[in-house]
Enquirer: 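Please see the structure below; I have some questions.
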Amino acid sequence: NNIGFHPPFKEKFEYIKSRDEIVFGVLTGDVVSPNPIAQDWDEIDVDIEELCLPVYFAVGNHDMEDRPLFESRYGATYYSFTYENDLFIVLDPNIDNWNISNEQLIFLQTTVEANNNSTNNIFVFFHQELWWENDNTYHNIKPNSFAGRADEINFWTEIEPLFHNLSNNVVLFAGDFGAASWSNDLMYDNYDNITFIGSGMGEGAYDGDNFIITNVNEDKTIIYDLICLNENFNCLGELTDYEISIPTLTDKTDINIYPNPASNYLIIDLVQLQILNNSIELYLSDIFGREKKITDYKFENNNNLQINTSVFSNGIYFLKIIINEKIIIKKITIMK
């Protein structure tokens, strides 16, 4: 039960203030200890005033143990704003057991629809690690807590597809990391236009505590400074060192795959691959990381290979081709 912010973080206030390009901060939840009272938030306000920066809240489950108290002081727990032609969205998964639903889902949909064509990047902030599922690629990335999580949530069925269909770069931040011995200190992943970042602090062991400075360049590209609360700013390395991509290309051979989207079949042009003795392995994985070996395929004139895709449901997949000790990954869509 600290007086104000996590003390090692407060030690970095002078460093933050020394970087003139930092224009605001976003706190990604559990800012105060469990069962907060007004005094806890008074102490946080004093620290924010010392930081001399605008600060936005993405609330955590402990912050919301007294929702009326928070809302009476700071207002709505989900909202959006724009800065320098980028869109910032703050969400509150605590309202419906980690789901973004009902009025909040309508808010999110209408905000994205109204702004995606006129903004560059979209940054989204929330507390819980919404992309975690027990059987997907991220199941080994552990947050501080699964408190309040429903058995099934709508992140992969409604939220991720909403962002994945955009031409904008979309960066999603979760903050429920690094405050327990069992939780990961941070994570990073990127595919297509989507980036996932998990970051946190509070365990008390300086080596893992961290925060992230996000830099948007004039050409719209984004780079990240990973700042750990140890005296050595680089003690954790680069944020991208923690990438757990789904999946990582191990060979960038440009092969022709068609039709894409596919319906009942998919053709792989084999001319460039130079298969030895028809030795090839094929796997298809969905966005949850669930992988299935493909056995229903046939060679045609030794120039291409036809895969039966009629047995797969509509959706986005990653086709893994293992050939001549190389791995080639291609994203495909199945649409019937």
Enquirer: Indicate yes or no for a side-chain donor-acceptor contact from T221 to the backbone of N217 under 3.5 Å, with no hydrogens or angles considered.
Expert: no
Enquirer: Would you find more than 12 non-hydrogen atoms of other residues, nucleotides or ligands less than 6.0 Å from D219 atom CG?
Expert: yes
Enquirer: Looking at N210 and D185, would you say the former's side chain and the latter's main chain have a donor-acceptor pair under 3.5 Å?
Expert: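 Yes.
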Enquirer: Do the side-chain N and O atoms of D189 and Y138 include a donor-acceptor pair separated by under 3.5 angstrom?
Expert: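 Yes, side-chain donor-acceptor contact under 3.5 Å.
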Enquirer: Under 4.5 Å between any side-chain heavy atoms of L266 and Y297, yes or no?
Expert: no
Enquirer: Main chain of I44, side chain of D47: is a donor-acceptor contact present, judged purely on distance under 3.5 Å?
Expert: no
Enquirer: Is the shortest heavy-atom distance from the side chain of L226 to the side chain of I212 under 4.5 Å?
Expert: yes
Enquirer: So, K17 side chain and E50 main chain: donor-acceptor pair closer than 3.5 Å or not?
Expert: yes
Enquirer: As a quick check of understanding, evaluate side-chain contact (heavy atoms from CB on, under 4.5 Å) for T111 and L87, giving each step before the final call.
Expert: CA-CA 9 Å; T111 299; L87 175 64; 4.3 Å; yes
Enquirer: Within a reach of under 6.0 Å around CD of E71, are more than 12 heavy atoms found that belong to other residues, nucleotides or ligands?
Expert: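 Check passes, neighbour count above 12.
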Enquirer: Quick check: does any side chain N or O of E65 sit under 3.5 Å from a backbone N or O of N35, one acting as donor and the other as acceptor?
Expert: yes
Enquirer: With clusters built from Ile, Leu, Val, Met, Phe, Trp and Tyr whose side-chain heavy atoms come within less than 4.5 Å, directly or transitively, what are the remaining members of the cluster of Y265, listed by chain and number?
Expert: Y258, I267
Enquirer: Are any side-chain N or O atoms of N168 and backbone N or O atoms of T119, one a donor and one an acceptor, separated by less than 3.5 Å?
Expert: yes
Enquirer: Measuring only between side-chain heavy atoms, which start at C-beta, is T309 closer than 4.5 Å to Y317?
Expert: no
Enquirer: Is the number of heavy atoms from other residues, nucleotides or ligands within 6.0 Å of CD (E49) greater than 12?
Expert: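 Incorrect, the count does not exceed 12.
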Enquirer: Tell me the ring pair (Phe, Tyr, Trp, His ring centres under 6.0 Å) pairs involving residues 29-50, sequence neighbours left out?
Expert: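 Output for this query lists W41-F57, W41-F70, W41-Y74.
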Enquirer: Other members of the hydrophobic cluster containing M335, with the 4.5 Å side-chain heavy-atom rule, please.
Expert: none
Enquirer: What is the minimum heavy-atom distance between S183 and A180, and which atoms define it?
Expert: OG-O, 3.0 Å
Enquirer: Any non-hydrogen side-chain atom of D225 less than 4.5 Å from a side-chain atom of N215?
Expert: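 They are in contact (side-chain heavy atoms under 4.5 Å apart), so the answer is yes.
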Enquirer: Assigning hydrophobic clusters by single linkage (Ile, Leu, Val, Met, Phe, Trp, Tyr; side-chain heavy-atom cutoff under 4.5 Å), is V46 placed with V55?
Expert: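 V46 and V55: separate clusters.
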Enquirer: Any side-chain heavy atom of D192 sitting closer than 4.5 Å to one from K331?
Expert: yes
Enquirer: Measuring from M64:CE to T77:OG1, what's the distance to the nearest 0.5 Å?
Expert: 6.0 Å
Enquirer: Would a line drawn from the ring center of F211 to the ring center of Y15 be shorter than 6.0 Å?
Expert: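 Centroid separation for F211 and Y15: 6.0 Å or greater.
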Enquirer: Do you know which two heavy atoms are closest between N260 and T333, and how far apart they sit?
Expert: OD1-N, 2.9 Å
Enquirer: Go through L284 and K292 one step at a time and tell me if the side-chain contact (heavy atoms from CB on, under 4.5 Å) criterion holds.
Expert: CA-CA 5 Å; L284 200 66; K292 182 176 181 179; 5.5 Å; no
Enquirer: Nearest heavy-atom pair of E160 and I194: which atoms, and what distance?
Expert: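 Looking at all heavy atoms of both residues, the shortest contact is OE2-CG1, 4.5 Å.
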Enquirer: First locate atom CD1 of I257, then atom CG of D269, and finally report the distance between them rounded to the nearest 0.5 Å.
Expert: 9.5 Å
Enquirer: Once rounded to the nearest 0.5 Å, what's the spacing between atom CD1 of I227 and atom CZ of F9?
Expert: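 One finds 11.0 Å between CD1 of I227 and CZ of F9.
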Enquirer: For a quick check under 3.5 Å, do N99 and N97 share a side-chain donor-acceptor pair by atom type?
Expert: no
Enquirer: Can you list the steps and then say if Y188 with Y242 is a ring pair (Phe, Tyr, Trp, His ring centres under 6.0 Å)?
Expert: CA-CA 5 Å; Y188 173 90; Y242 297 83; 9.2 Å; no
Enquirer: F173 pairs by side chain to side chain contact (heavy atoms under 4.5 Å, CB included) with which of V90, T214, V26?
Expert: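 The passing option is T214.
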Enquirer: Output the distance between atom CG (N264) and atom CD1 (I334), rounded to the nearest 0.5 Å.
Expert: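 Between N264 CG and I334 CD1, I get 10.0 Å after rounding to 0.5 Å.
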Enquirer: Give the C-alpha distance, both sets of side-chain angles, the deciding distance and a yes or no for side-chain contact (heavy atoms from CB on, under 4.5 Å) between F318 and Y283.
Expert: CA-CA 8 Å; F318 295 93; Y283 297 86; over 6 Å; no
Enquirer: Using modelled atom types only, decide if a donor and an acceptor are shared between the side chain of N193 and the backbone of V170 within a distance under 3.5 Å.
Expert: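 No.
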Enquirer: Is there side-chain contact between T28 and F177, with heavy atoms separated by less than 4.5 Å?
Expert: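 Sidechains of F177 and T28: no contact.
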Enquirer: Where the side chain of N120 meets the backbone of D86, is there a donor-acceptor pair that is under 3.5 Å apart?
Expert: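 Looks like no, no N/O pair under 3.5 Å.
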Enquirer: What about Y56 and F125, are their ring centers closer than 6.0 Å?
Expert: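 Between Y56 and F125, the centre distance exceeds or equals 6.0 Å.
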Enquirer: Treat each ILVMFWY residue as a node, draw an edge where side-chain heavy atoms are under 4.5 Å apart, and state whether I223 and M187 are in one component.
Expert: no
Enquirer: Out of N144, D176, N94, which one pairs with Q128 under the side-chain hydrogen bond (donor to acceptor under 3.5 Å, both in side chains) rule?
Expert: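 Result for side-chain hydrogen bond (donor to acceptor under 3.5 Å, both in side chains) with Q128: N94.
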Enquirer: Cluster question for you: counting only ILVMFWY and a side-chain heavy-atom cut-off of under 4.5 Å, with indirect links fine, are V311 and L282 together?
Expert: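 In one cluster with V311: L282, yes.
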Enquirer: Please determine whether residues F299 and I268 belong to a single hydrophobic cluster, defined as Ile, Leu, Val, Met, Phe, Trp and Tyr linked transitively by side-chain heavy-atom distances below 4.5 Å.
Expert: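 Yes; I268 is reachable from F299 via cluster members.
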Enquirer: Go through Y191 and F196 one step at a time and tell me if the side-chain contact (heavy atoms from CB on, under 4.5 Å) criterion holds.
Expert: CA-CA 9 Å; Y191 63 91; F196 294 143; 3.9 Å; yes
Enquirer: List the atom of V59, the atom of H127, and the distance in Å for their closest heavy-atom pair.
Expert: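 Answer, listing the atom of V59 first, then H127: O-CB, 3.3 Å.
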Enquirer: Looking at every non-hydrogen atom in both residues, tell me the closest pair between K142 and E129 and how far apart they are.
Expert: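 In this case the closest contact between K142 and E129 is C-OE1, 4.1 Å.
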Enquirer: Do D30 side-chain atoms and N61 backbone N/O form a donor-acceptor pair below 3.5 Å?
Expert: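 Yes: the side chain of D30 pairs with the backbone of N61.
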Enquirer: Give a yes/no verdict on a cation-pi contact between K10 and F5, requiring under 6.0 Å between NZ or CZ and the six-membered ring centre and an angle within 45° of the axis.
Expert: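 The answer is no; the distance or angle limit is not met.
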Enquirer: Measuring from atom CD1 of I3 to atom CG of D42, what distance do you get when rounded to the nearest 0.5 angstrom?
Expert: 12.5 Å
Enquirer: Check P143 against I141 and note the closest heavy-atom contact, atom names and distance.
Expert: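 Minimum heavy-atom separation between P143 and I141: CD-O, 3.6 Å.
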Enquirer: Run through I100, L108, N102 and flag the one making a side chain to side chain contact (heavy atoms under 4.5 Å, CB included) with Q104.
Expert: I100
Enquirer: Give a yes or no on whether a salt bridge exists between K12 and D209, defined as a side-chain N under 4.0 angstrom from a carboxylate O.
Expert: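 Answer for the salt bridge query: no.
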Enquirer: Same cluster or not: I106 versus I95, using hydrophobic residues (I, L, V, M, F, W, Y) connected whenever any side-chain heavy atoms lie under 4.5 Å apart?
Expert: no
Enquirer: When you compare the side chain of K220 with that of N85, does any pair of heavy atoms fall below 4.5 Å?
Expert: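 No, side chains not in contact.
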Enquirer: Got a second to check how far Y79's OH is from L91's CG, nearest 0.5 Å?
Expert: 10.0 Å
Enquirer: Is any side-chain heavy atom of L105 closer than 4.5 Å to a side-chain heavy atom of I159?
Expert: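 L105 vs I159: side chains touch.
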Enquirer: Just by modelled atom types, is the A147 backbone N or O under 3.5 Å from a matching donor or acceptor in the W98 side chain?
Expert: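 Flag set: sc W98 to bb A147 pair under 3.5 Å.
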